[in-house]
Amino acid sequence: MTSTASSTDLRQDQAAPGERPSWQRRLRRFGYVAGPRGDVRDRLVPPYAEPSPRLWAALGVPHGLAGRLVRWSGWLGPLLVTLFAGVLRFWNLGNPRAVIFDETYYAKDAWALVHRGFEVNWDKNANNLVLDLGSSIRIPSDAAYVVHPPVGKYVIGLGELVFGFDPFGWRFMTALLGTLSVLLLCRIGRRLFRSTFLGCLAGALLAVDGLHFVMSRTALLDGVLMFFVVAAFGCLVVDRDRTRAKLAAALLADADGRVRPDAWTAEHTRLGWRPWRLLAGLMLGLAIGTKWSGLYVLAAFGVMTVLWDVASRRVAGARRPYATVLRRDLGWAFLSTVPVAVATYVASWTGWILSPSDGTGGYYRNWAATDGKDSSWSWLFPDWWRSLWHYETQVYDFHVGLASPHTYESNPWSWIVGGRPVSYFYESPAPGTDGCPADAGEKCAREVLALGTPLLWWVACFALLYVLWRWFFRRDWRAGAIACAVAAGYLPWFLYQERTIFFFYAVVFVPFLCLAVAMLLGALVGPPGSSETRRVAGATAAGVLVLLIAWNFIYFWPIHTGTAIPIDDWRSRMWLDTWV
């Protein structure tokens, strides 16, 4: 059998041996288990699990080939899952051939950005003209006031430049990033759980999530934001592994070859150049440059990576790990994330900054030279900086005051159970037209509904409880990392319950829900050492649950892709009244 989440019980971030605090003893009644006290090197850098030889023997795979498959599986498995996800997302990507939902903003803004460097005001009939004329349409010159930064629109515009100004072109990059996010999640899950199987399982669950699928096939910003958040998380996980490997290499083995904690080494070892943390700062800057909600992720991930450093030095033997990190790591952690993210964000406005400041450039580009010319800060900052700052303050006021009613707005309390999905597109073709069967009897329904695969999300509710329990009572850093990522993408929206907000914002934390479900399923299969009966029963239950989730995705496929189905079939898929 393959390794499960429980098979790499990485409770390594514990204090040095000795009397445990009374709170830990009290928590034992709830399932608290003290961490193992094995070789420090294995606790700092746990080995990856390999499939049991019995699995390959049962499949009839020769020993030599089995060895090669084990070596290749770390990439071969994730690539196969990614191929599956890519086929789903790119199949008939240009359908519906329409400007659906907020594509009416971002597709056109992207086209203007990659040609003019700033967004423009389009005619109210521009959508029809775009579908008719495509790339030959004339781009207006009048600057438009927009409330989201440019990175996500530049990403969408890249696909338009390559494939043209049509539905396939403006959806191409979101489909590509959605596919690549599956690959990233497979690799992240593999590194977290030290199990290729569980990593690929997490990626496969993401591949069949309806919300992620729809967002990957729609030119909206949230799918782009999700990709950069997952990439930043993955960079920090790699950075954690590499820095712990440096600490493990610095510790000396005793006469028995056993590596033990050493306070001096743990407190004085310099972790050196950390390029993966810098890359995480870049990804977070791109996330913020897509949507400002990336700021919450930057803050949460920044705290998380510092706490990882504290835990690493504690395991290595540091007597005062917090003081050590404050002295040796905190400053570099800040410099490699926050300034990098800020610089990346500012650089993303280059097109706007370089546009003319005489009133023919980007919106508010001439503010410093007109309304803001008497500012008390004019001697200190250049005009473009003051104009950009003014623009950002206006955008902030807009966001915090947005309360316009919308048919598909929803409260974040309902997101975790998919209470109010968003309909991006709906038509009622007559029998014999637009794919509606001629014998349908009455009109059909064609819909693109941004709805997460219900069974996956409902299982994720229990998986989150499991993750929180495992983090709090088992001190499992992996559970804490998953909980942190979900919280960073989800909890901030509870601060804005009076705002007009939508369920599809939840796509940012969907990958981490899939990690939580994979962790729960791994625990269901059981840890190594369990009886064969226990492992078989657990694997059967987990397998049935995964198959039911896949079936659930297939069942809702028509209302994710705009496929025409008889109206009765559409009604049968509206499981909750709030989905209509």
- Message: Quick check for you: to the nearest 0.5 Å, what is the distance between Leu206 atom CG and Ser216 atom OG?
- Response: 7.5 Å

Under 3.5 Å, which donor-acceptor pairs do the side chains of residues 545-557 form with other protein atoms, sequence neighbours left out?
from	atom 1	to	atom 2	distance (Å)
Asn552	OD1	Leu455	N	2.8
Tyr555	OH	Ser572	O	3.3
Tyr555	OH	Ser572	OG	3.3

- Please say whether more than 12 non-hydrogen atoms of neighbouring residues, nucleotides or ligands are located less than 6.0 Å from CZ in Arg420. yes

- If you round to the nearest 0.5 Å, how far is CE of Met519 from CZ of Arg478? 4.0 Å

- Query: Which residues satisfy the side-chain hydrogen bond (donor to acceptor under 3.5 Å, both in side chains) test with Trp389, sequence neighbours excluded?
  - Reply: none

- Query: With under 30° as parallel and over 60° as perpendicular, where do the rings of Phe90 and Phe168 fit, or are they tilted in between?
  - Reply: tilted

- Note on the structure: Sequence neighbours excluded, the answer for ring pair (Phe, Tyr, Trp, His ring centres under 6.0 Å) partners of Tyr296 is none

- Message: Does Trp276 have more than 12 heavy atoms from other residues, nucleotides or ligands lying within 6.0 Å of its CH2?
- Response: no

- Item | Within 6.0 Å of CH2 in Trp579, more than 12 heavy atoms from elsewhere | yes

- Query: Under the 3.5 angstrom rule, does the side chain of Glu160 hit a backbone N or O of Trp111 as a donor-acceptor pair?
  - Reply: yes

- Message: Nearest 0.5 angstrom please: Arg446 CZ to Ile565 CD1, how far?
- Response: 11.5 Å

- Message: If you compare all heavy atoms of Ser73 against all heavy atoms of Pro78, which two are closest, and at what distance to 0.1 Å?
- Response: O-CD, 3.4 Å

- Ala85 and Ala207: which non-hydrogen atoms are nearest, and at how many Å? CB-CB, 3.7 Å

- Task: Quick one: list whatever passes salt bridge (Lys or Arg N to Asp or Glu O under 4.0 Å) with Arg89, sequence neighbours left out.
- Result: none

- Query: Can you name the closest pair of heavy atoms from Leu335 and Val340 and give their distance?
  - Reply: O-CG2, 3.7 Å

- Query: Are the side chain of Arg191 and the backbone of Val237 linked by a donor-acceptor contact shorter than 3.5 Å?
  - Reply: no

- Message: Applying side-chain hydrogen bond (donor to acceptor under 3.5 Å, both in side chains), can you list everything that pairs with Trp170, at least two apart in sequence or on another chain?
- Response: Glu103

- Item | Residue pairs involving residues 500-512 (criterion salt bridge (Lys or Arg N to Asp or Glu O under 4.0 Å); sequence neighbours excluded) | none

- Message: Using a 3.5 Å distance criterion without hydrogens, assess whether the side chain of His560 forms a donor-acceptor pair with backbone atoms of Leu449.
- Response: yes

- Query: With a 4.5 Å heavy-atom cut-off, do Leu464 and Ile416 have their side chains touching?
  - Reply: yes

- Message: Other residues, nucleotides and ligands only: do more than 12 of their heavy atoms fall within 6.0 Å of CH2 on Trp413?
- Response: no

- Task: Kindly compute the distance separating CG (Leu456) from SG (Cys514), expressed to the nearest 0.5 Å.
- Result: 5.0 Å

- Chi angles and distances behind the side chain to side chain contact (heavy atoms under 4.5 Å, CB included) call for Phe494, Leu491: CA-CA 6 Å; Phe494 287 91; Leu491 295 186; 4.1 Å; yes

- Message: Is the shortest side-chain heavy-atom distance between Tyr505 and Tyr490 below 4.5 Å?
- Response: no

- State whether Tyr48 and Arg190 meet the cation-pi test: NZ (Lys) or CZ (Arg) under 6.0 Å from the six-membered ring centroid, and within 45° of the perpendicular axis. yes

- Query: Is there a side chain to side chain contact (heavy atoms under 4.5 Å, CB included) between Trp493 and Asn411 once you walk through the steps?
  - Reply: CA-CA 9 Å; Trp493 294 111; Asn411 190 289; over 6 Å; no

- Query: Is the shortest heavy-atom distance from the side chain of Leu236 to the side chain of Trp308 under 4.5 Å?
  - Reply: yes

- Message: Using a 6.0 Å cut-off, check whether atom CZ of Phe425 has over 12 heavy atoms from anything other than its own residue.
- Response: yes

- Query: Which heavy atom in Ala516 sits nearest to a heavy atom in Val467, and how many Å separate them?
  - Reply: CB-CG2, 3.7 Å

- Query: Is there a donor-acceptor pair closer than 3.5 Å between any side-chain N or O of Ser348 and the backbone N or O of Val151?
  - Reply: no

- Message: Quick check: do Arg313 and Tyr322 have side-chain heavy atoms less than 4.5 Å from each other?
- Response: no

- Query: Would you say the side chain of Tyr396 lies within less than 4.5 Å of the side chain of Thr393, judging by non-hydrogen atoms?
  - Reply: no

- Side-chain donor/acceptor of Thr453 to backbone N/O of Gly210, under 3.5 Å: yes

- Message: Among residues at least two apart in sequence or on other chains, which ones pass salt bridge (Lys or Arg N to Asp or Glu O under 4.0 Å) with Arg571?
- Response: Asp568

- By salt bridge (Lys or Arg N to Asp or Glu O under 4.0 Å), which residues pair with Asp222, not counting sequence neighbours? Lys291

- Contacts of Ser293 that satisfy side-chain hydrogen bond (donor to acceptor under 3.5 Å, both in side chains) - sequence neighbours left out: none

- Query: Distance-only, no hydrogens or angles: does the Thr174 side chain make a donor-acceptor pair with backbone N or O of Thr218 under 3.5 Å?
  - Reply: yes

- Note on the structure: Taken to the nearest 0.5 Å, the spacing of Phe504 CZ from Asp102 CG works out to 5.5 Å

- Message: Checking the side chain of Arg171 only, and the main-chain atoms of Leu93 only, is there a donor and an acceptor separated by less than 3.5 Å?
- Response: yes

- Among all residues two or more places apart in sequence or in another chain, which pass the salt bridge (Lys or Arg N to Asp or Glu O under 4.0 Å) test with Asp309? Arg274, Arg277

- Message: Holding to side-chain contact (heavy atoms from CB on, under 4.5 Å), I want the full list of residues that pass it with Tyr426, two or more places apart in sequence or in another chain.
- Response: Ser423, Ser428, Ala445, Glu447, Ile567, Trp570

- Task: Hey, could you give me the CG/CH2 distance between Leu513 and Trp457, rounded to the nearest 0.5 Å?
- Result: 5.5 Å

- Message: Quick check: do Asp241 and Val45 have side-chain heavy atoms less than 4.5 Å from each other?
- Response: no

- Kindly say whether Leu44 contributes a backbone atom to a donor-acceptor pair with the side chain of Arg244 at under 3.5 angstrom? yes

- Smallest separation among heavy atoms of Leu198 and Ser195, with atom names: N-OG, 3.1 Å

- Mind checking side-chain hydrogen bond (donor to acceptor under 3.5 Å, both in side chains) for Glu392 and listing every partner two or more places apart, or none if nothing turns up? Tyr345

- Hey, does the side chain of Gln394 reach the backbone of Tyr391 with a donor-acceptor pair shorter than 3.5 angstrom? no

- Taking Thr305 for the side chain and Phe301 for the main chain, is one N or O donor matched with an acceptor at less than 3.5 Å? no

- Heavy-atom distance under 4.5 Å between the side chains of Asn95 and Thr561, does that happen here? no

- Given ring-ring contact (aromatic ring centres under 6.0 Å, His included), test His148 with Tyr105 step by step and report yes or no. CA-CA 11 Å; His148 289 301; Tyr105 305 116; 9.5 Å; no

- Query: With a 4.5 Å limit on heavy-atom distance, are the side chains of Val208 and Phe213 in contact?
  - Reply: no

- Task: Please check if atom CH2 in Trp292 has more than 12 non-hydrogen atoms from other residues, nucleotides or ligands closer than 6.0 Å.
- Result: yes

- Between Pro149 and Gly289, what is the shortest heavy-atom contact and its length? CB-O, 2.9 Å

- Message: Check this for me: Tyr145, atom OH, are more than 12 non-hydrogen atoms of other residues, nucleotides or ligands nearer than 6.0 Å?
- Response: yes

